[in-house]
Asks: 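Quick one: the structure is below, and I'll ask about it shortly.
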Amino acid sequence: MKPAPFDYHRPEDLQSALSLLGTHTDASIIAGGQSLVPMMNYRLAQPEHLIDINRLSELDYIREDGDQITIGALARHDAIHASELIAEHMPLISHAYEWIAHKAVRNRGTLCGNLCHADPASEMPAIIQVLEATLILARNGSSREVPAKEFFVGTYDTVCEEDEMLVELRIPKPTAGTGWGFEEVSMRKGDFAWAAVVCLLRVENGRLDDVRVAVSGAAEIALRLPDLEVALAGQAPSSDIFENAATKAVDALAPVGSATVSADYKRDLVRALLPRVLSAATARAS
Amino acid sequence: MSSHLKSNVIPPSRQREKPRAGMTWIGQSMKRVEDPRILVGKGGYVDDVVVPGMAHAAMVSSPHAHARIVSIDTSKAKNLPGVIGVYTGADLATVVDPCPSFASPPVTQHAMCMDKTRHVGEVVAAVVAEDRYIAEDAAALVEVEYEILTANVDIEASLEATGDAVLHPDDRESNRALDESFSFGSVEDDFAGADKVIKRRLRWNRSSAQAIETCGVVAEYDAFKGGYTIHANTNFYNFIPFVIGGSLRVSPGELRLIPVLTGGSFGSKVFIHKIIILTAGLARLSGVPVKYIEDRLEHFTNSDSHGSDRLYDCELAVMNDGTFKSMRFTVLDDYGAYLQFGVGTHGNAMAQVTGPYRIESFAMRVIAVLTNKCQQGPYRGFGSEVTNWVMERMADAAAEELDRDPVDLREQNMIQPDEFPYMITTGNIYDSGNFQEVLAQAKTLFDLEGWKRKAAAARADGRCVGVGVATCMERSVYGPTEWWFLNKKEEPGFTLTSTPEGISARFDPSGKLFVTLNSCMVGTSPETVVTQVLAERLTVAPEDIVFNYADSQTGFNGVGPQGSRFTAMVTGACVTASIRLEEKLKRFGAHMLQRRPEDVELRGGMVAVKDGLEDQAKSFAEIALMSSFFRLSFPDEEAFDSGLETTAVYDHPISAEPHPDREHLGIFYPIVGHICHITAVEVDPETGKVEILDYAAVHDNGTIVNPRTLGGQVWGGTANGIGTTLTEHFIYDEDGQFTNPNFAEFALPSAHEMPKNLKLGHVETPSPYTEYGIKGGGEGGRLGAPSALTTAIEDALREKGVKISALPVTPPVLRGLIRNADAAAAAAD
Amino acid sequence: MNTTAIELEVNGRKHSANVPPRKLLSDFIRQDLALPGTHVGCEHGVCGACTILMDGKAVRACLMFAVQADGASLTTVEGLSKAEELHPIQHAFWEEHGLQCGFCTPGMLAAAHELLSENTDPTDEEIREAISGNLCRCTGYEYIIDAIRTAAKKLRVTQASDASQNA
Ligand SMILES: Cc1cc2nc3c(=O)[nH]c(=O)nc-3n(C[C@H](O)[C@H](O)[C@H](O)COP(=O)(O)OP(=O)(O)OC[C@H]3O[C@@H](n4cnc5c(N)ncnc54)[C@H](O)[C@@H]3O)c2cc1C
Ligand code: FES
Ligand code: FES
């Protein structure tokens with residue numbers, strides 16, 4: 001199990017990285033390599049050019065920028081997991097990392113690489129959708145902003161073009177008092193999710209407000225559940241309401257099953273986890 | 001005793017060293033002798049072997065489960081710079097013959113496919129190149145044209161296959177490789193007289209050992225220098241040359257197999273002869289030494305070590321008072337595409353098929369099925385892990401149908417302490433035991449009564465908490481009739497062997513004791529065991545014992561770590577060696593002390609005058625020096641020839657031939673331990689996830705040599721059993737594609753999946769047959785955990801009426817069972 | 001074949017080499033540097049046998065190319081012990097029977113080393129989490145957890161005595 005040959009490029013700054021991306025066709029960025037290298041070892045990925053962004057220390061940051069947090073392309077899972085800034089403003093992310101891979105993988109893997117890999121069983125694509133993050137995609141000479149819910153197109157597929165690079169993730173800080181919930185089922189702790197459900201919500205005067213729910217593992221991409229969100233907004237939280245909403249939401253899902261995990265099972269998981277995250281988030285909301 | 005057993009006579013014990021209290025070294029948790037070099041990265045595994053001029057092999061593997069090979073074009077691959085050679089099955093066949101087969105009659109297997117491929121991952125062509133990277137580049141350039149044949153995947157459907165779907169039309173007319181029936185005792189009468197017959201259909205699905213190190217070989221061939229020199233991580237290396245010499249067209253003596261430290265086996269590296277033959281053949285064809293290390297994908301798909309894959313239709317005859325009378329089953333076993341050791345795994349299971357219970361008669365029909373999957377090999381339990389689970393499932397089923405407490409029912413049927421040695425209805429004996437004491441200790445250790453209350457309270461609260469108890473046998477120290485007594489009686493294929501194990505031991509002139517082992521280290525503790533026994537028997541200081549591993553040319557009898565045999569067997573060899581060395585030490589020492597040998601004894605590394613003063617003693621070092629170099633200081637008699645050394649072989653302590661008509665199977669696996677595992681689990685009924693809340697294991701493995709290393713075996717085996725029960729399952733789709741051959745989807749338990757508060761207990765009922773009363777204990781965890789967990793999960797879900805009749809119960813599977821049970825309950829309302 | 005020049009420090013010793021870009025760091029360490037203690041169990045990042053320390057952090061050597069280690073400081077299992085003495089973590093593995101076949105051990109040691117350098121008194125749960133990315137097929141982990149707990153204690157004692165000597 002050895003990778004096919006490739007040309008190796010190691011730019012020292014973002015500008016050179018972008019111009020390399022612009023000049024070479026069939027080039028892959030390597031960030032942490034924690035998803036790309038296994039695929040290369042299996043020869044499922046055989047890029048002709050590998051552009052190593054690990055020297056772009058300018059992209060290695062987690063910053064507070066007014067009412068948002070910005071995360072650079074080289075911020076590692078582990079740094080985000082350990083970040084006090086993140087823990088303070090987005091405990092959902094800190095908590096979710098308990099379920100994502102293992103220390104040695106988190107030491108290398110980056111959040112941006114994780115998002116670009118767009119594994120439907122990945123947790124973070126759901127999380128950045130409920131956080132309504134914005135992704136900054138740059139190419140040689142220009143850049144654009146993409147809202148999280150538009151970033152993912154299909155299994156291992158995003159709107160990021162061949163010559164583009166995800167350089168930054170901007171996450172608005174949730175309003176104070178926002179509650180959050182996270183639940184995942186996988187074979188082992190640290191494995192990719194069979195299903196993960198995440199939620200942010202507020203409780204205003206005893207009523208649910210700004211409910212945001214997303215699911216990983218239940219479709220080709222991580223999904224927000226807008227119908228459920230609308231149905232819950234303005235309701236007084238109760239387990240009956242959550243159960244009913246979950247039943248309805250699941251009826252609308254069409255999960256993709258595999259040899260190991262059937263579509264029925266995934267539906268069962270989402271059905272089971274939805275009320276749990278909603279209750280947890282309600283309990284955490286103040 | 002039933003009359004069919006009359007001819008099965010238990011031979012007298014040949015035990016020399018009786019178990020006794022207060023030993024100095026045996027029974028201590030001594031730190032392992034093997035560890036320091038391994039801890040610093042200098043263990044010396046097969047992939048660490050580097051031979052001058054060595055090239056690397058990569059394989060072209062079949063992407064199809066069943067296909068005819070129409071053509072192979074190797075030209076592009078051959079032209080790649082760095083490639084030394086590209087070879088097909090036809091090329092390989094010019095230097096090697098088919099692999100050995102223990103099946104009778106054999107099922108032909110080539111190390112590389114000839115005309116057909118019979119499972120995904122089978123080798124179709126091989127590249128030898130300067131390095132593995134280039135070899136893989138070239139492998140990707142080999143063009144193979146296939147004609148796809150029907151893939152046999154389902155165990156029952158495969159039996160019906162005809163025409164092109166038959167795997168081995170030259171060897172067998174159908175995919176039914178063997179279909180034999182056996183009956184022990186008065187099965188018909190016992191069933192006729194039973195009050196109730198409990199019936200269950202039980203399925204044990206396929207998984208495998210998946211040691212963290214894959215299999216590998218480094219082979220050199222030199223016609224002028226005596227043939228093949230091979231490094232391989234088989235744990236059978238003193239035996240393999242005799243098995244594969246024929247395939248390699250050399251005499252066993254022209255095949256030097258050098259042992260290496262092996263990164264885990266659990267049985268899976270006993271038979272790795274296919275890749276040894278393959279790599280050796282490539283070395284001969286290419287003219288350079290070749291290294292081939294399976295990558296993980298190849299190990300999953302082609303390593304010939306998949307575990308049991310069985311479907312049982314089982315019946316237990318019981319009386320209304322709970323007495324178990326008789327058992328019978330028909331078992332279909334999906335052996336995959338070949339049948340390397342026949343149905344030996346069913347032979348193994350006959351050692352303890354009736355468990356710890358008095359069951360007077362037993363019958364089975366075993367049907368070996370060939371399918372388009374990688375073939376089976378040994379995996380911790382070697383088939384007995386399945387019958388243990390079947391027996392325990394049947395005991396639970398009986399308890400349910402008779403409305404009895406499952407533990408009480410087990411106790412009622414258990415063999416009593418005064419009944420040993422106890423001959424079970426198949427003919428094997430249980431040498432000794434005290435099942436009641438094991439159970440009692442386990443109950444206390446676990447606080448069974450307390451847990452039952454807690455579980456009931458939790459269930460009353462709507463939670464799914466349950467408790468499971470398994471009382472199982474752990475046979476050890478195998479005798480290899482199990483390989484062949486289920487073969488056709490007319491052509492069983494083999495004769496009884498004594499599975500000998502030997503060591504040689506020599507005091508060098510400085511007084512160090514150099515020991516040469518004939519079996520390798522696979523994670524067990526061969527050096528530590530031998531150190532503890534020799535230190536005990538000879539009063540040598542452990543740090544004065546030095547180890548060395550013989551290769552197949554310098555060594556002699558050794559069967560290696562398998563069938564939980566090594567500790568008991570090598571201890572026997574150590575005792576023999578010690579008796580001889582003691583005699584020599586005393587002879588030389590007494591002479592130096594000017595005493596008679598009968599007036600001296602071994603004491604603290606010295607030969608000392610009995611009841612003598614401190615200065616009336618000679619250290620082993622002094623004696624070794626004198627006896628090695630100063631022959632002329634001793635009498636001119638043969639007994640004083642230079643040197644203190646000996647070679648000792650221990651043959652199986654007790655075995656008996658099977659009955660020619662298989663009325664019984666003889667004594668073949670007689671050193672039998674007993675285990676009780678108890679666990680409490682909680683099931684999340686909405687997700688099917690199982691959490692292990694508590695776990696206790698009590699093992700009786702006779703006299704314990706090293707409690708800590710035995711504990712390591714118990715927990716390691718338990719972890720395997722947890723995987724087998726909850727997370728590990730090879731899934732082949734209907735086309736015979738292996739859908740999860742990787743560590744991400746085939747989930748070995750991680751530290752998170754292990755129970756948090758393991759409790760370990762021991763009972764020591766010595767064997768009357770082995771030295772010091774030692775029994776083997778290498779498989780026990782996996783022999784008990786699946787049963788205890790299954791019972792606990794069923795107990796947790798008892799209000800829902802979920803019944804578990806197949807393993808593994810992964811969360812999706814368990815959730816499916818719960819969903820169906822809920823639907824059935826809803827429909828009934 | 002085109003190669004790239006790299007310089008790195010391994011177990012305190014400087015090395016320079018020319019490597020093909022696709023050469024995995026695990027292969028480079030094992031083959032080019034002849035340090036066979038770093039084991040390869042899966043080459044897809046799951047088993048953890050290849051885990052080494054890079055600038056003090058545990059990383060999978062099978063998921064990095066050797067060229068990426070240019071300028072880095074690596075510690076493999078061979079670099080843990082000093083001269084003729086086992087590292088306290090290695091010693092604790094020995095005492096507690098934290099290894100059987102030893103194939104997972106170098107990776108386990110790296111994971112344990114990283115944990116104990118960040119947390120001198122981990123709970124069992126933290127130990128479990130730290131080694132959860134390292135598969136062991138032999139031990140069932142129980143005695144590995146014991147070993148790391150014991151190692152933590154040993155290291156605390158050493159640190160305390162170092163501190164009192166310095167005071
Ligand atoms: C054992 C194991 C367990 C894991 N468990 C989980 C889990 O539970 N949940 C989970 O979500 N993940 C899991 N992962 C994957 C892990 O999170 C990876 O780190 C992550 O998916 C990829 O990040 P990376 O930086 O390593 O990206 P890389 O592997 O370097 O790249 C991944 C892909 O993204 C592209 N890419 C990377 N960076 C950029 C960029 N800035 N702009 C554009 N394209 C880019 C690459 O070209 C490549 O196609 C696991 C991995 C392993 C090995
Ligand atoms: S070999 Fe690197 S994780 Fe398995
Ligand atoms: S000790 Fe063998 S894999 Fe861990």
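Reminder, nothing fancy here: chain letters follow the sequence lines and each chain counts from 1. Here the structure is a predicted model, which is why all the values come from computation and not from measurement.
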Asks: If you round to the nearest 0.5 Å, how far is CG of B/Leu758 from OH of C/Tyr141?
Replies: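 One finds 13.0 Å between OH of C/Tyr141 and CG of B/Leu758.
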
Asks: Please classify the contact between B/Thr709 and chain C as side chain, backbone, both or neither, with a heavy-atom cut-off of under 4.5 Å.
Replies: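 Both parts, heavy atoms under 4.5 Å.
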
Asks: Can you confirm whether more than 12 heavy atoms, excluding those of B/Glu543, are under 6.0 Å from its CD atom?
Replies: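 Enclosed: over 12 neighbouring heavy atoms sit under 6.0 Å from CD of B/Glu543.
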
Asks: Chain B: which of C/Cys47, C/Ala49, C/Gly98, C/Gly48 shares the most heavy-atom pairs with it under 4.5 Å?
Replies: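 That would be C/Cys47.
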
Asks: Measuring from atom OH of B/Tyr133 to atom NZ of C/Lys23, what distance do you get when rounded to the nearest 0.5 angstrom?
Replies: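 The OH atom of B/Tyr133 sits 6.0 Å away from the NZ atom of C/Lys23.
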
Asks: Identify the heavy atoms of B/Gly263 and C/Phe103 that sit nearest to each other, and give their distance.
Replies: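 Where B/Gly263 meets C/Phe103 most closely, the heavy atoms are CA-CB, 4.0 Å.
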
Asks: Could you check whether B/Arg708 makes a cation-pi contact with C/Tyr143, meaning its NZ or CZ is under 6.0 Å from the centre of the six-membered ring and within 45° of the ring axis?
Replies: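 Yes, B/Arg708 lies over the aromatic ring of C/Tyr143.
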
Asks: Using non-hydrogen atoms only, which part of B/Pro81 is less than 4.5 Å away from chain C: side chain, backbone, both, or neither?
Replies: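 When you check distances to chain C, no heavy atom of B/Pro81 falls under 4.5 Å.
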
Asks: At what distance, to the nearest 0.5 angstrom, does SG of C/Cys42 lie from CG of B/Leu297?
Replies: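 Interatomic distance, C/Cys42 SG to B/Leu297 CG, rounded to 0.5 Å: 11.5 Å.
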
Asks: Spell out, as yes or no, whether a donor-acceptor pair under 3.5 Å connects the side chain of C/Glu142 to the backbone of B/Trp715.
Replies: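 No; zero donor-acceptor contacts below 3.5 Å.
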
Asks: For C/Gln100 and B/Gly712, indicate whether the former's side chain and the latter's backbone hold a donor-acceptor pair under 3.5 Å.
Replies: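 Answer holds: yes.
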
Asks: Are any of the side-chain nitrogens in B/Asp137 or C/Arg22 under 4.0 Å away from the carboxylate oxygens of its partner?
Replies: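 Salt bridge present between B/Asp137 and C/Arg22.
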
Asks: Could you tell me which portion of C/Arg128 (side chain, backbone, both or neither) has an atom closer than 4.5 angstrom to a non-hydrogen atom of chain B?
Replies: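 Both the backbone and the side chain of C/Arg128 come within 4.5 Å of chain B.
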
Asks: Enter the distance from C/Cys136:SG to B/Ile212:CD1 here, rounded to the nearest 0.5 Å.
Replies: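 One gets 7.0 Å once the value is rounded to the nearest 0.5 Å.
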
Asks: Using 0.5 Å steps for rounding, measure from the CD atom of C/Glu129 to the OG atom of B/Ser750.
Replies: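 Result: 8.5 Å between the selected atoms.
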
Asks: Any side-chain to backbone donor/acceptor pair from C/His44 onto B/Phe743? Under 3.5 Å, distance only.
Replies: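 Between the backbone of B/Phe743 and the side chain of C/His44 there is a qualifying donor-acceptor contact (under 3.5 Å).
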
Asks: For the atom pair CG (B/Leu39) and OG (C/Ser81), what is the distance rounded to the nearest 0.5 Å?
Replies: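 Going from the CG atom of B/Leu39 to the OG atom of C/Ser81 covers 9.0 Å.
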
Asks: Does any N or O in the side chain of C/Arg137 come within less than 3.5 Å of the main-chain N or O of B/Gly716, such that one atom is a donor and the other an acceptor?
Replies: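 The answer is no, because no donor-acceptor pair under 3.5 Å joins these two groups.
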
Asks: Check side-chain contact (heavy atoms from CB on, under 4.5 Å) between B/Ala129 and all other residues, then give those that pass, not counting sequence neighbours.
Replies: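 Residues passing side-chain contact (heavy atoms from CB on, under 4.5 Å) with B/Ala129: B/Val83, B/Val127, B/Ile134, B/Ala135.
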
Asks: Below 4.5 Å, heavy atoms only, C-beta onward: do B/Lys31 and C/Glu95 meet side chain to side chain?
Replies: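 SC-SC contact between B/Lys31 and C/Glu95 confirmed.
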
Asks: Return the minimal non-hydrogen interatomic distance between C/Gly140 and B/Ala719, and the atom names on each side.
Replies: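 Heavy-atom minimum between the residues: CA-CB, 3.6 Å.
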
Asks: Are the side chain of B/Arg32 and the backbone of C/His97 linked by a donor-acceptor contact shorter than 3.5 Å?
Replies: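 It does not hold such a pair.
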
Asks: Name the option with the most non-hydrogen atom pairs under 4.5 Å to chain B; the candidates are C/Gly37, C/Gly41, C/Ala34.
Replies: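 If we count pairs closer than 4.5 Å to chain B, C/Gly41 comes out on top.
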
Asks: For C/Leu86, which atoms come within 4.5 Å of any heavy atom of chain B: side chain, backbone, both, or neither?
Replies: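 C/Leu86 touches chain B through side-chain heavy atoms alone.
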
Asks: Is there a side-chain contact between C/Arg30 and B/Asp47 in this structure, where contact means two heavy atoms from C-beta onward sitting under 4.5 Å apart?
Replies: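 The answer is yes, as the side chains (C-beta and beyond) meet within the 4.5 Å cut-off.
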
Asks: Determine the option with the most heavy-atom pairs under 4.5 angstrom with chain B, choosing from C/Gly102, C/Gly133, C/Gly45.
Replies: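 When all of C/Gly102, C/Gly133, C/Gly45 are compared, C/Gly102 has the most.
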
Asks: Counting heavy-atom pairs under 4.5 Å with chain B, which one of C/Asp27, C/Ile127, C/Ile131 comes out on top?
Replies: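 The residue among C/Asp27, C/Ile127, C/Ile131 with the greatest pair count is C/Asp27.
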
Asks: Under a 4.0 Å N-O cut-off, is there an ion pair linking C/Asp124 with B/Lys756?
Replies: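 The answer is no: the pair does not qualify as a salt bridge.
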
Asks: Which residue out of C/His87, C/His91, C/Gln31, C/Glu125 racks up the most heavy-atom pairs below 4.5 Å with chain B?
Replies: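 Highest number of heavy-atom pairs under 4.5 Å: C/Glu125.
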
Asks: So which of C/Thr139, C/Thr105, C/Leu35 has the largest heavy-atom pair count under 4.5 angstrom toward chain B?
Replies: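 Among the listed options, the one with the most contacts to chain B is C/Thr139.
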
